[in-house]
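The shown structure was predicted, so the numbers you read here are calculated from the model rather than taken from an experiment.
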Amino acid sequence: MKTAVILLALFFPVVARAQSDPGRAELARVHVQVCYGTDGDATQAGPSAKPAPEDLIERMEHGGAIHFKTYRILGEDTQPLLRSYENWAQPLKPSDEVLVRFEAQGKPNRQTAVIDLELWLARKKVVKTDATLDMSKPLFVLGPEWRGGRLIIAVSLAPKAKPADK
Amino acid sequence: MNTPPDDTTLALWLEDELTGDARAAVEAWAAAQPDQLAARAELRQWKRQIASVIPAAEEPPHAEFFNSRIARAIRQQDAPTVPASRRPGWQRLLVPLAACAGIAFAFVVGQKTAHPPSVAAIDVSQAARALPVEPLIYTPVKGTHAEWINHGDTHGSPVIVLDGLDAIPDSIDLTGTASHVIPAAHGTATAGLFTPPVPGQP
């Protein structure tokens with residue numbers, strides 16, 4: 001009982017601060033997927049990698065910049081886009097080999113949001129850009145080579161979490 | 001209390017920040033100090049005036065960065081001009097007439113004093129189109145090159161192609177132990193709870 005009271009006392013200021021700071025308001029959510037594309041043996045991605053859905057493959061290959069025989073999804077993460085703070089997505093938890101940092105630039109509309117976006121690989125920032133994210137069109141980053149293929153990072157906008165999800 | 005308080009305590013009392021015994025002690029001393037009482041009254045009046053003008057709470061602005069401002073400036077340039085204010089007809093004609101007369105005068109003078117141009121004329125008609133319309137990409141790692149590919153149609157997604165990156169060693173198991181697990185607390189993570197990997201890195 002005593003421990004619960006102490007934990008409650010420690011936790012309450014954090015909750016109160018989050019509720020009172022409008023800069024922490026959730027504008028939207030950012031969904032990050034890490035895919036593995038290869039022309040060789042797709043099992044190199046590991047047993048827990050899932051086949052990529054057809055619509056995602058179609059979007060990746062649409063312009064011809066990305067083309068592999070096989071695609072696997074290695075991991076994904078969804079994090080809120082905050083009004084005045086940066087946030088991070090860690091799609092390969094617990095590994096921090098791939099991280100995506102993002103920060104809102106202005107007020108998004110229902111379908112798109114302009115964000116300041118950074119991709120970090122192996123704890124180093126490798127690219128920074130200001131991208132317009134769309135609900136239906138992910139931004140793809142054709143990244144580094146790995147096990148005979150390449151990593152593809154897909155970043156897209158996701159709807160805001162419903163209050164019950166929080 | 002007959003001894004005057006120190007400067008810090010007096011400043012706190014003037015700002016109504018003292019409480020308890022300390023406040024009572026200074027109040028007792030200040031009762032015989034009309035100038036201090038007047039100073040406190042003046043400060044209180046000043047605070048009331050400020051409070052009546054400044055809102056108690058203010059919404060923070062949405063972040064707006066360099067490119068957003070450029071885009072807004074371009075939109076403002078393209079916006080239709082505001083109609084001129086109503087003036088008498090002869091006043092509205094005065095400016096264009098004066099401008100035409102000036103142009104004609106400059107043309108005549110130029111014809112009489114013209115010399116062949118010594119340098120090639122610079123075509124600036126396309127200058128506005130040189131403004132960046134695609135997102136800026138910055139690659140801090142030396143030897144890395146990024147290319148932005150935007151297909152321009154409604155179906156295609158933008159692609160950033162990174163070249164020159166070091167390959168991730170095959171020995172690293174990216175799928176690790178928790179692939180596809182979206183954290184239960186997603187949607188509540190906030191800045192400050194997640195520390196950037198290596199502060200000071202590019």
Show your reasoning for whether side-chain contact (heavy atoms from CB on, under 4.5 Å) applies to B/Ile160 and A/Thr129. CA-CA 10 Å; B/Ile160 297 175; A/Thr129 186; 4.0 Å; yes
Inspect the surroundings of CG in B/Asp6 and state if more than 12 heavy atoms from other residues, nucleotides or ligands are less than 6.0 Å away. yes
Hey, does the side chain of A/Asp130 reach the backbone of B/Leu136 with a donor-acceptor pair shorter than 3.5 angstrom? yes
Under 4.5 Å from any heavy atom of chain B - which part of A/Leu119: side chain
Quick check for you: to the nearest 0.5 Å, what is the distance between B/Asp163 atom CG and A/Leu142 atom CG? 7.5 Å
With side-chain contact (heavy atoms from CB on, under 4.5 Å) as the test, would you mind laying out the steps for B/Leu162 and A/Val126 before giving the verdict? CA-CA 9 Å; B/Leu162 290 177; A/Val126 296; 4.2 Å; yes
Is it the case that over 12 heavy atoms from other parts of the model lie below 6.0 angstrom from the CD atom of B/Glu15? yes
Which residues in residues 147-155 of chain A have any heavy atom closer than 4.5 Å to a heavy atom of chain B? A/Arg147, A/Arg150, A/Leu151
Who are the side chain to side chain contact (heavy atoms under 4.5 Å, CB included) partners of A/Asn109, not counting sequence neighbours? A/Gln111, A/Thr112
Measure A/Leu117 against the heavy atoms of chain B and call it side chain, backbone, both or neither at under 4.5 Å. neither
Scanning both residues in full, the closest heavy-atom pair of B/Leu165 with A/Gly143 reads CD1-C, 4.1 Å
List in chain and number order the residues that pass side chain to side chain contact (heavy atoms under 4.5 Å, CB included) with B/Ile172, two or more places apart in sequence or in another chain; answer none if no residue qualifies. A/Glu97, B/Ile168, B/Pro169, B/Leu174
Pairwise distance CG(B/Asp173) to CH2(A/Trp146) - rounded to 0.5 angstrom: 6.5 Å
Could you go step by step and tell me if A/Phe140 and B/Ile149 meet the side-chain contact (heavy atoms from CB on, under 4.5 Å) rule? CA-CA 10 Å; A/Phe140 297 108; B/Ile149 300 174; over 6 Å; no
Are the side chain of B/Ser157 and the backbone of A/Arg59 linked by a donor-acceptor contact shorter than 3.5 Å? no
Return yes when atom CD of A/Glu145 has more than 12 non-hydrogen atoms of other residues, nucleotides or ligands closer than 6.0 Å, and no otherwise. no
Side chain, backbone, both or neither of A/Ala25 within contact of chain B (heavy atoms, under 4.5 Å): neither
Looking at every non-hydrogen atom in both residues, tell me the closest pair between B/Asp166 and A/Pro144 and how far apart they are. O-CB, 3.7 Å
Under 6.0 Å from the CG atom of B/Asp35, do we count more than 12 heavy atoms belonging to anything else shown? yes
I'd like to check the side chain to side chain contact (heavy atoms under 4.5 Å, CB included) partners of A/Pro53; sequence neighbours left out, ordered by chain and number. A/Asp55, A/Leu56, A/Ile73
